[in-house]
Amino acid sequence: MQMRNVLCCAISFVALACYSVAAARADVIRVATVVAENQADFANNAALVPTFAGLLKKAPAVKATWSGTDAAKLTIITTSVWAQESDIKSLTDTADWKAAAGKLKYKTYTAEIFQVVP
C-alpha cells in the first residue's frame, strides 16, 4: 500500500513539474489599441497600419499577427503572439518601430501583454 502512495505522489509531482514547465513556456499576446481624436487623425493612423503589420510580420520571434481598423470608433489595433515578452521589446525598441509609433495621432493608446493560459 505504501508503494502505491509513493507512486501516486511521484505521478502527481511529474504532472505538476510538466505543467510548470508548460506554463513557463506559455506564449504571450500583445494587443495595442490606438483611438484617434478625430477623423483626420484616424485617417493618419489607418495609413500606418500596413507599416506596423509589416514590421510585426518581419519580427523573427513573432508567431502570429493581426491588424485592423474601426472607422466608427476611430480605432486601429494590432494583435500579435510571441513566445515571451522580451521578444516584443526586441521589436518595439527598434528605430523603425519608434519612428512609425512617433507618427501616430491619438486620444488614447494602450498596449497590453497577456499571458496565454493553457
Side-chain angles (χ1 to χ4, degrees):
M1 199 55 134
Q2 225 173 3
M3 182 60 162
R4 182 178 171 162
N5 288 342
V6 169
L7 185 57
C8 286
C9 287
I11 291 172
S12 297
F13 179 77
V14 169
L16 179 61
C18 289
Y19 177 77
S20 297
V21 169
R25 293 185 185 160
D27 293 338
V28 293
I29 298 173
R30 178 184 186 270
V31 179
T33 307
V34 180
V35 180
E37 187 76 44
N38 53 53
Q39 190 62 41
D41 289 352
F42 170 74
N44 173 80
N45 296 345
L48 291 169
V49 169
T51 301
F52 285 109
L55 289 169
L56 284 163
K57 288 178 183 176
K58 288 180 187 175
V62 73
K63 292 185 170 191
T65 180
W66 302 269
S67 302
T69 63
D70 184 338
K73 295 180 181 175
L74 304 176
T75 302
I76 67 168
I77 189 168
T78 61
T79 304
S80 49
V81 179
W82 304 79
Q84 55 193 8
E85 192 170 348
S86 61
D87 293 335
I88 298 167
K89 291 192 82 42
S90 70
L91 172 64
T92 58
D93 284 348
T94 65
D96 289 341
W97 186 272
K98 289 178 181 181
K103 295 176 184 175
L104 290 170
K105 298 178 181 181
Y106 53 88
K107 175 173 53 174
T108 61
Y109 169 86
T110 58
E112 298 184 69
I113 309 297
F114 299 92
Q115 186 75 37
V116 175
V117 178

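Values below: every heavy atom of this structure, side chains too, minus hydrogens, waters and symmetry copies.
- The hydrophobic cluster containing Trp82 also includes Val28, Val34, Phe42, Leu48, Val49, Phe52, Leu55, Leu56, Val62, Leu74, Ile76, Ile88, Leu91, Trp97, Leu104, Tyr106, Tyr109, Ile113, under a criterion of side-chain heavy atoms closer than 4.5 Å among ILVMFWY residues, counted directly or through chains of members.
- Residues that satisfy the side-chain contact (heavy atoms from CB on, under 4.5 Å) test with Lys57, not counting sequence neighbours, are Thr65.
- The CD1 atom of Ile29 sits 9.5 Å away from atom CD of Gln115, with the distance rounded to the nearest 0.5 Å.
- Partners of Lys105 under the side-chain contact (heavy atoms from CB on, under 4.5 Å) rule, at least two apart in sequence or in another chain, are Asp41, Asn44, Asn45.
- Note: Lys89 NZ to Gln84 CD = 13.5 Å, rounded to the nearest 0.5 Å.
- With contacts defined as side-chain heavy-atom distances shorter than 4.5 Å, the pair Thr78/Arg30 qualifies.
- Considering only residues two or more places apart in sequence or on other chains, Thr108 meets the side-chain hydrogen bond (donor to acceptor under 3.5 Å, both in side chains) condition with none of them.
- Using a 4.5 Å cut-off on side-chain heavy atoms (C-beta onward), Thr33 and Thr75 make contact.
- Counting all heavy atoms, side chain and backbone alike, Ala71 lies closest to Gln39 at O-OE1, 4.3 Å.
- Residues forming a ring-ring contact (aromatic ring centres under 6.0 Å, His included) with Phe114 (at least two apart in sequence, or on another chain): none.
- Ala64 is linked by a side-chain contact (heavy atoms from CB on, under 4.5 Å) to Trp66, Val81, counting only residues two or more places apart in sequence or in another chain.
- In terms of heavy-atom proximity, Thr51 sits nearest to Ala100 at CG2-CB, 3.9 Å.
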